[in-house]
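Here's the structure we're looking at; comments come further down.
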Amino acid sequence: MKQVKIISDPYKKETSFQIFDENQKNWINIDKLSNPNSKLISDDFKSSFFPFKIQEIVETIIKEYGIGDNQLDIYFKGTPDHFDDLQQIIETIDVSCKLTLFRDDSYLINAQDVLPEIINIFKKLKPIIELGEDNKEKLKKYIERFSDSSADRIPLCVIGNYSSGKSTFINALIGKEILPSGDDPVTAKVFKINQLENDNSTYIKFEYDGNDVQILINDKNFEVLGQTSSFEQELKEILKENIEDGNVKTINACIAYINKTDYTRISSIIEIGTSFKGGIWNECSSRFIIIDTPGSNSATNLDHSEVLDKALKGLTNGLPLYVSEANKLDSTDNFDLYKKVKDMPEIDSRFTMIIVNKADDSDLPEEGYYTEENEIALLNQAIPKSMYSIGIYFVSSIMGLGAKCNGDFANKHSRKIHRKNLDMFSDIEDEDYTCLYNFNIMPRQIKTNSIEKCKSIMNDLVYVNSGLYAIEHGIQNFANKYSAYNKCKQSLMYLEKIIKLIDSEIKKLVSESEKKKKELIESLNEEKANLLDTIEKTSRDRKSEFVEEGRVFLRQYTQENKPSISHNELVSYEEEFIKKQRRNIQYSFYQEQVKDSKRSFVNNLKSGFGDTIQNLSFDIISNAVSTAISDGKNIIESYYDRNKAEKDADKLAAKDIIDKIDKDLTINSDEFFSKTNEASIQYWDDKSSEVRKELSKIVLGSTALSESKKNELTELIMNYDAIEYNVIHDNILKVEDYKFRFFSEKLIKIKLSIDVNKLYDSFAKYTNNTIYESHSLSFKRWMDQLSHIITENIVDYNPLLSELQKAINAEIDKIHELQYRQEVVESNIAYIRKKIDWQTNE
Ligand SMILES: Nc1nc2c(ncn2[C@@H]2O[C@H](COP(=O)(O)OP(=O)(O)OP(=O)(O)O)[C@@H](O)[C@H]2O)c(=O)[nH]1
Ligand SMILES: [Mg+2]
């Protein structure tokens with residue numbers, strides 16, 4: 001028997017393999033050392049997105065390890081989604097050995113399940129973190145990236161050979177014929193099309209001679225903002241001429257004009273904002289930016305990649321779409337550009353979509369799909385060979401666009417093609433009926449799902465058969481599922497950036513207050529300066545000392561006092577509730593019935609046969625036996641009824657136990673929380689009186705102050721307000737949320753008491769952290785305020801110095817506030833890290 005483990009971590013973008021060593025009884029990595037000839041260690045498997053490689057991976061494992069009729073066990077360690085994909089593949093492929101699939105004990109959570117939590121964290125951080133002017137904008141951007149999903153945009157980067165139909169394809173995606181197309185090279189600039197919510201309005205933004213030009217088009221109105229040069233005048237003329245033909249045609253004409261204008265005077269990026277019509281766009285969790293590049297050859301590639309780089313700035317999670325014609329899949333013209341795009345950090349090339357456009361006009365296999373043999377030949381052509389990942393999609397952009405705009409084209413050429421093909425794409429009876437999506441080449445389980453989806457769309461055959469829907473569905477999957485892995489990782493990056501911002505703000509404040517402090521100390525006499533120093537040092541030292549000690553104190557307290565449930569308690573609950581439920585359903589009645597039926601069986605048997613065995617006649621025997629048979633039936637029935645009653649009672653009792661535990665949990669946790677809170681307050685109150693005494697002593701012993709001043713100060717210290725406690729953390733993580741999360745995920749298990757105690761443990765930890773963080777912060781604030789008041793009183797005879805002292809104190813307060821925010825962000829980072837790391841059932 002062989003056991004192979006697949007370990008797939010889509011967050012880290014890594015797939016690796018292990019084999020079980022029977023002798024050593026442990027898993028060993030399949031790597032260059034242990035198995036240098038294995039195909040499993042190829043980069044292709046290691047770094048691609050697992051669902052796209054499953055079939056090849058499984059086939060390789062079978063080839064290398066599933067020899068003969070040996071048993072082969074495959075363990076999977078990864079996300080549940082990917083396990084399902086793997087299972088689906090294994091069910092469909094031809095397995096030559098006895099293969100069984102197992103889940104490993106550790107697993108990862110699907111990204112689309114983690115992401116909502118992350119978005120919540122960002123939403124909660126939004127109101128609590130505020131930074132100074134320097135960092136405000138950056139912080140806003142980082143936080144908004146996640147808390148406002150409308151700010152989240154996925155770039156779709158369309159590249160490919162010139163005249164392959166990139167612009168037409170994009171028009172089809174957005175359902176509007178706004179980009180001009182034609183047989184000669186048409187697109188001269190990089191177009192960035194920003195998806196808008198608003199249906200009617202469109203904007204076009206670019207620079208002319210370095211000046212901003214903005215065109216706003218809304219229904220039959222337009223406006224050109226910018227300087228009024230002859231260029232803009234002419235543009236207005238074009239708009240005027242076309243506006244009667246409708247929005248889309250106006251935009252098309254306007255862009256065609258810009259395209260024809262002197263290349264050097266227009267900025268390299270032209271931005272268009274418009275809504276996307278038809279298709280799947282409303283079902284996506286993100287919005288999109290589509291980037292149209294000019295068809296390129298090697299000479300212009302370099303320029304284009306630079307412009308593209310610029311166009312992608314600030315975006316992430318980009319999906320590359322490579323557009324080609326069927327007969328040009330072997331061309332290497334655009335490899336340089338593709339390589340550049342592949343290396344851009346904004347792009348995830350593991351999800352490259354190869355789009356074979358103009359499929360209405362290509363020689364595709366007679367069979368209506370690619371046979372295995374044809375598929376291999378196709379995959380061996382230059383473009384698929386180097387780019388194939390998520391799939392090759394066949395499409396007729398013109399038919400797709402026609403479906404969305406009801407055949408109303410601005411471009412005459414397109415209109416003709418659409419009309420010519422209409423029957424083939426919509427009439428099932430037509431002898432050339434065409435379903436382009438059937439030709440798509442994709443990982444098997446993805447193709448099965450995709451075809452199923454396509455077949456379910458019955459109301460728009462032209463749209464589905466054009467192949468456009470399959471592509472859009474692929475984009476939708478990427479946006480809703482796959483890209484979530486990257487987003488989870490990115491959230492950490494953004495939180496770390498936020499930490500850095502807070503850090504830099506703290507540093508700035510620290511250095512400002514240090515400067516002021518120096519100034520203050522220099523202008524005081526030596527004795528006073530010393531006293532000030534001692535007060536500050538004492539307050540600083542006590543803060544760090546007590547805060548450490550307090551941590552230990554509360555940890556110990558919660559450990560010793562946390563609620564728990566014992567096995568015996570559970571057993572007694574069980575007894576109690578079973579008893580109660582049996583009473584409720586009158587279980588004793590069923591028990592009696594069993595007894596009765598047994599009794600009457602015995603009695604009837606006795607009386608049936610009479611006293612003497614000697615004179616048994618046939619009649620006696622026959623009567624007695626038939627009575628016995630019917631009595632026997634009664635017994636069986638009564639047993640059956642009793643068992644059913646027992647089961648019903650057990651079920652109800654089980655529910656009661658869970659309810660009871662849930663109630664206990666609430667009561668015990670509440671009680672524990674408030675007791676811990678009291679104990680903690682007691683601790684900090686004690687510490688605060690220790691500090692009062694110590695500070696008074698310092699003041700009394702000082703030579704810098706007059707007797708009356710000393711008395712005044714000690715009075716102030718001893719009567720100073722008590723610590724104000726508040727549970728600040730509450731808005732970050734609600735106790736109820738916490739309880740519920742554990743409760744729903746973990747409780748329904750066999751080892752109930754263990755689970756409940758685990759729940760209590762986590763709750764105890766949570767209580768400890770929340771209260772400790774909140775109270776230690778309250779203490780720190782109190783300590784700061786007290787020492788501020790003392791120091792202000794020491795220097796108060798000089799209004800100028802006193803102002804300075806106040807400014808210093810305000811800065812110190814700000815620093816502490818920021819440090820607290822930083823802690824909150826850090827604890828959230830730790831939380832997310834844990835969520836996207838390996839989980840175990842233990
Ligand atoms: N038959 C057919 N022709 C198409 C299809 N899509 C585009 N074309 C034609 O192909 C030609 C080029 O289309 P464009 O959209 O301008 O191609 P492009 O890749 O943007 O070209 P450049 O911008 O010049 O690089 C035009 O004549 C289109 O009508 C299609 O699906 N079917
Ligand atoms: Mg174009």
Side-chain angles (χ1 to χ4, degrees), residues 156-193 251-252 255-256 258-260 263 268-270 272 290-301 303-304 307-308 311 320-329 331 333-334 337-338 354-364 383 393-405 407 409-422 424-425 432 434-437 439 462-471:
L156 306 175
C157 202
V158 180
I159 56 175
N161 310 10
Y162 75 83
S163 281
S164 57
K166 296 177 295 299
S167 300
T168 314
F169 171 61
I170 293 173
N171 286 340
L173 287 177
I174 62 182
K176 295 177 180 174
E177 197 186 4
I178 56 176
L179 297 173
S181 67
D183 282 337
D184 305 322
V186 176
T187 310
K189 298 285 180 185
V190 168
F191 284 91
K192 198 170 159 178
I193 305 157
I251 301 163
N252 188 289
I255 292 170
I258 297 166
N259 247 339
K260 278 191 210 120
Y263 184 86
S268 51
I269 301 173
I270 297 164
I272 303 171
I290 303 183
I291 297 174
D292 184 20
T293 57
S296 51
N297 51 44
S298 328
T300 50
N301 270 339
D303 279 358
H304 291 163
V307 180
L308 205 56
L321 292 97
Y322 192 97
V323 181
S324 171
E325 286 149 89
N327 58 3
K328 302 233 171 80
L329 283 171
S331 126
D333 270 2
N334 278 292
L337 181 62
Y338 179 72
I354 300 173
I355 311 289
V356 180
N357 190 29
K358 307 192 194 177
D360 55 89
D361 196 25
S362 320
D363 273 338
L364 298 176
I383 289 173
Y393 295 80
F394 290 80
V395 67
S396 164
S397 301
I398 289 183
M399 296 314 289
L401 175 59
K404 284 192 185 177
C405 68
F409 286 90
N411 186 306
K412 197 170 147 195
H413 178 66
S414 302
R415 183 166 59 234
K416 281 187 185 161
I417 294 178
H418 178 254
R419 222 178 45 189
K420 192 183 87 192
N421 287 313
L422 205 52
M424 285 184 263
F425 281 79
D432 296 314
T434 314
C435 282
L436 287 176
Y437 61 81
F439 293 95
V462 182
Y463 167 52
V464 182
N465 290 344
S466 74
L468 188 61
Y469 173 69
I471 294 173

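Residue numbers count from 1 along this sequence. The analysis underlying the following values was restricted to heavy atoms, covering all of them including side chains, and did not include hydrogens, waters or symmetry mates. Treat the numbers as computed from the prediction; the structure is a model and nothing was measured. Order of listing sets the numbers, starting from 1, for every ligand and every atom in it.
Atoms of ligand 1 found under 4.0 Å from any heavy atom of Asn357, numbered from 1 in the order shown, are 5 (C), 6 (N), 7 (C), 31 (O). Distances below 4.0 Å separate heavy atoms of Tyr162 from the following atoms of ligand 1: 25 (O). Near Asp360, meaning under 4.0 Å from any of its heavy atoms, are these atoms of ligand 1: 1 (N), 2 (C), 30 (C), 31 (O), 32 (N). Interface atoms of ligand 1 facing Ser167, defined by a heavy-atom separation under 4.0 Å, are 15 (O), 18 (P), 20 (O). Near Thr168, meaning under 4.0 Å from one of its heavy atoms, ligand 1 places the atoms 6 (N), 7 (C), 13 (O), 14 (P), 15 (O). Residue Ser396 approaches ligand 1 through these ligand atoms, each under 4.0 Å from one of its heavy atoms: 31 (O).
Of all the heavy atoms of Asp292, none lies under 4.0 Å from any atom of ligand 1, so neither backbone nor side chain is involved. By the criterion of a heavy-atom distance under 4.0 Å, both the backbone and the side chain of Ile398 are placed next to ligand 1. Only the side chain of Ile417 comes within contact range of ligand 1, with a heavy atom under 4.0 Å; no backbone atom does.
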Show the atom names and distances, to 0.1 Å, of all donor-acceptor pairs under 3.5 Å that link a side chain in residues 412-422 to residues at least two apart or in another chain.
| from | atom 1 | to | atom 2 | distance (Å) |
| --- | --- | --- | --- | --- |
| Arg415 | NH1 | Phe409 | O | 3.2 |
| Asn421 | ND2 | Ile417 | O | 3.1 |

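One distance of note links CG of Leu173 with CG of Leu321; it measures 7.5 Å at 0.5 Å rounding.
Taking each of Lys416, His418, Lys420, Lys358 in turn, the one with a heavy atom nearest to atom 8 (N) of ligand 1 proves to be Lys358. Relative to atom 29 (O) of ligand 1, the option among Lys189, Met399, Glu325, His413 with the closest non-hydrogen atom is His413.
Nearest heavy atoms, Leu436 versus Asp360: CD1-N, 4.4 Å.
Proximity of a side-chain donor or acceptor of Asn252 to a complementary backbone N or O of Glu177 within less than 3.5 Å is detected. Under a 3.5 Å cut-off, the side chain of Asn357 and the backbone N or O of Ser397 do form a donor-acceptor pair. When atom types are taken as modelled, the side chain of Asn171 and the backbone of Leu179 share a donor-acceptor pair closer than 3.5 angstrom.
Take Lys192 and apply the salt bridge (charged side-chain N to carboxylate O under 4.0 Å, His left out) test, not counting sequence neighbours, and it matches no residue.
Looking at Asp361 next to ligand 1, no N or O pair under 3.5 Å apart turns up. Distances between N or O atoms of Val395 and those of ligand 1 include no value under 3.5 Å.
Tyr463 pairs with exactly one of Phe425, Tyr469, Tyr437 by the ring pair (Phe, Tyr, Trp, His ring centres under 6.0 Å) rule, that one being Tyr469.
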